[in-house]
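See structure below.
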Amino acid sequence: MKNLIHLLFLFVILTFGCSAPDTDEELLALDKEKLSENLAYDKITFYKFAKIAIRSAAVQDTTKPEYQKFSKHFNSVVSSLSKVNTDSGKSISPIEALLLYKDYRAVKGFVKDTDEDVFPTLVEGINKMYGNGDTTFPLLIGKEKAEAQNIEHAILSMVVLATRDLGQPFALYECAKTQPERLPDHEIKTLLEFVRGFLFFSNNLFYLSEDGLSRNIKWLDKNPDVPLPYTKAFFGWRNLSDSQTHTAFHSLNYLFRGFDRLRMEREIDEERGLDDFEQFLEDTKKLGLETELTLAVESYLYLKREDKEKAIAALTKLKKSPLLSNSEREAIDKTIVYVNKREAGKALNGVYDKLFLSKIATKYMMAVLVKIDWQKVLKANNVPHTDEIFATIHKVQHMANAVSSYTSETTVEKGKNELKQKGSALLDGAKSLLK
């Protein structure tokens, strides 16, 4: 009898202890773990290294042991930045790239384990680098600092998203650094949540995305009459009234939450997603909008709801969109043929699936984001050293590319030759790099 009880106990442990997580909270926690894994690669660590170097330039208490230990390595980044001129195409030399990589490697562990937000803000670092040499300006602290660096992370997430050589992984890093709960309950916070939601969705972190978008929907429902000037400017909705802007933004939050839920695995999530799509379409019909997004969602929803005629009408219009590739248009043609022949109640085939729908949404949203002139937006809002911020981002991008290319044989050989010409002392200092 004892053995039987032990076996039963073991069976319960194996059955329930190894079962996949199925609550919203458990799945959200898994997404947080996946986010950390998605950011654990070398180019992002180097990007963080460069940012810490710039931010540490504004440190005023230079007696701290951790600052003294690593300052010489960070100083080499600041020195290299001054040698890059993106307008003229001037970058750092192979030897400088090799030595910069050596500095990076020396502090890589520190960079990985250190929160960049313990340093002064990026704007303060740039102010010190490009200012008049004054080292006594007061640094932000407490809530003011938390708000400023959150806004910096939010802005950078959107700026680097449109940068060819940085793009989504770096935008994801910046989004991961934002803490919306530390920001005032304001329109800026909802915009940040939306951008984070879009980026998390694009990186298959559906539960993280859903979490932020749900907060947005609650806030918008609670504040139906609040003006949204930044949202209007962000999406280029200059011709919409405040009420129409609220409805349009409300619809987009429902849309992307619907996409999140559609890509989840539980049946309940798909049902929730279809409900979100119905709310999205209800909002867009109030505005009289018809875009790639509305047509894509309409066609999917009508297919699911067994309304063949409306589904085909939406698909036929969608096929004409310039955002679609030839292969995607062919997929829609196949879907139309399939829908015409499909018997009621039969499952959708893979031609027009959830992934295809998500791709259309991502393309549409990226088309919106890349059109925004962030440099102009920052200047209009009197952000100090806007030109320098953008120049620094481009310089960091050039440096990262130069350093990552040091592994190519031709670059290493060129670096070796330059090192030999500069003397044995430098050569000895870089031996470990060239092995």
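Atom set for the values below is all heavy atoms of this structure, side chains included, hydrogens, waters and symmetry mates excluded.
- Side-chain contact of Gln279 with Asp275: a donor-acceptor pair under 3.5 Å is absent, judged by distance alone.
- With respect to Glu298 and Lys317, no salt bridge is recorded, no charged nitrogen being found less than 4.0 Å from a carboxylate O.
- Two residues are said to be in side-chain contact when any heavy atoms from C-beta on lie closer than 4.5 Å; Asp103 and Val77 fail this criterion.
- Using a 4.0 Å cut-off between charged nitrogen and carboxylate oxygen, Arg55 and Asp117 count as a salt-bridge pair.
- Contact of the Phe256 side chain with the Ser209 side chain is not registered, since no non-hydrogen atoms from C-beta on lie closer than 4.5 Å.
- Within a 6.0 Å sphere centred on CD of Glu144, other residues, nucleotides and ligands contribute 12 heavy atoms or fewer.
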Ring pair (Phe, Tyr, Trp, His ring centres under 6.0 Å) assessment of Phe277 paired with Phe259:
CA-CA 8 Å; Phe277 284 169; Phe259 284 133; 5.3 Å; yes
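- In this structure, the side chain of Lys232 engages the main chain of Leu240 through a donor-acceptor pair within 3.5 Å.
- Inter-residue side-chain proximity for Pro120 and Leu140 is flagged as unmet; no heavy-atom pair is nearer than 4.5 Å.
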Evaluate the side chain to side chain contact (heavy atoms under 4.5 Å, CB included) criterion for residues Tyr302 and Glu309: first the C-alpha distance (whole Å), next the side-chain angles of each, then the deciding distance (0.1 Å), finally the verdict.
CA-CA 9 Å; Tyr302 290 141; Glu309 288 183 11; over 6 Å; no
Show your working on side chain to side chain donor-acceptor pair (under 3.5 Å) between Asn223 and His246 and close with a plain yes or no.
CA-CA 9 Å; Asn223 298 278; His246 188 283; over 6 Å; no
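- The two residues His250 and Leu220 make their nearest non-hydrogen contact at CA-CD1, 3.9 Å.
- To the nearest 0.5 angstrom, Asp242 atom CG is 12.5 Å from Trp237 atom CH2.
- The shortest side-chain heavy-atom distance between Phe200 and Phe206 does not fall under the 4.5 Å cut-off.
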Can Asp269 and Tyr207 be said to form a side chain to side chain contact (heavy atoms under 4.5 Å, CB included), step by step?
CA-CA 11 Å; Asp269 294 317; Tyr207 297 94; 4.0 Å; yes
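- Here the closest heavy-atom approach between residue Ala57 and residue Lys128 is recorded as O-CG, 3.1 Å.
- Residue Asn253 holds its CG atom at 9.0 Å from OG of Ser214, rounded to the nearest 0.5 Å.
- Remark: Thr23 OG1 to Arg266 CZ distance equals 7.5 Å, nearest 0.5 Å.
- Under the side chain to side chain donor-acceptor pair (under 3.5 Å) test applied with Glu210, the options Arg263, Arg215, Arg261, Arg257 reduce to a single match, Arg261.
- The aromatic rings of Phe235 and Phe249 lie tilted to each other, with the angle between the two planes from 30° to 60°.
- Here the straight-line distance linking atom CH2 of Trp219 with atom CD of Glu193 works out to 11.5 Å at 0.5 Å rounding.
- Residues Leu122 and Leu156 are in side-chain contact: their nearest non-hydrogen atoms beyond the backbone lie under 4.5 Å apart.
- At a threshold of 4.5 Å between non-hydrogen side-chain atoms, the residues Tyr230 and His186 count as touching.
- A salt bridge links Lys108 with Asp42: at least one charged nitrogen is closer than 4.0 Å to a carboxylate oxygen.
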Val226 vs Glu187, side chain to side chain contact (heavy atoms under 4.5 Å, CB included): CA-CA, chis, key distance, verdict
CA-CA 9 Å; Val226 67; Glu187 179 196 6; 6.0 Å; no
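- Screening Asp211, Leu213, Leu205 for a side chain to side chain contact (heavy atoms under 4.5 Å, CB included) with Asp260, the sole residue that qualifies is Leu213.
- Salt bridge Lys177/Glu174: absent, no basic N to carboxylate O contact under 4.0 Å.
- The CD atom of Glu282 sits 11.5 Å away from atom CG of Leu287, with the distance rounded to the nearest 0.5 Å.
- Looking only at side-chain heavy atoms (C-beta outward), Ser157 and Thr178 stay at 4.5 Å or farther from each other.
- Proximity of Leu208 to Arg196: side-chain heavy atoms (C-beta onward) are nowhere separated by under 4.5 Å.
- In this structure, Leu172 CG and Leu199 CG are separated by 6.5 Å, a value rounded to the nearest 0.5 Å.
- In summary, the aromatic rings of Phe46 and Phe49 are positioned with their centroids under 6.0 Å apart.
- More than 12 non-hydrogen atoms from other residues, nucleotides or ligands lie less than 6.0 angstrom from CG of Asp61.
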Criterion side chain to side chain contact (heavy atoms under 4.5 Å, CB included) on Lys304 and Glu270, from CA distance to verdict
CA-CA 11 Å; Lys304 281 287 186 182; Glu270 183 175 39; 3.1 Å; yes
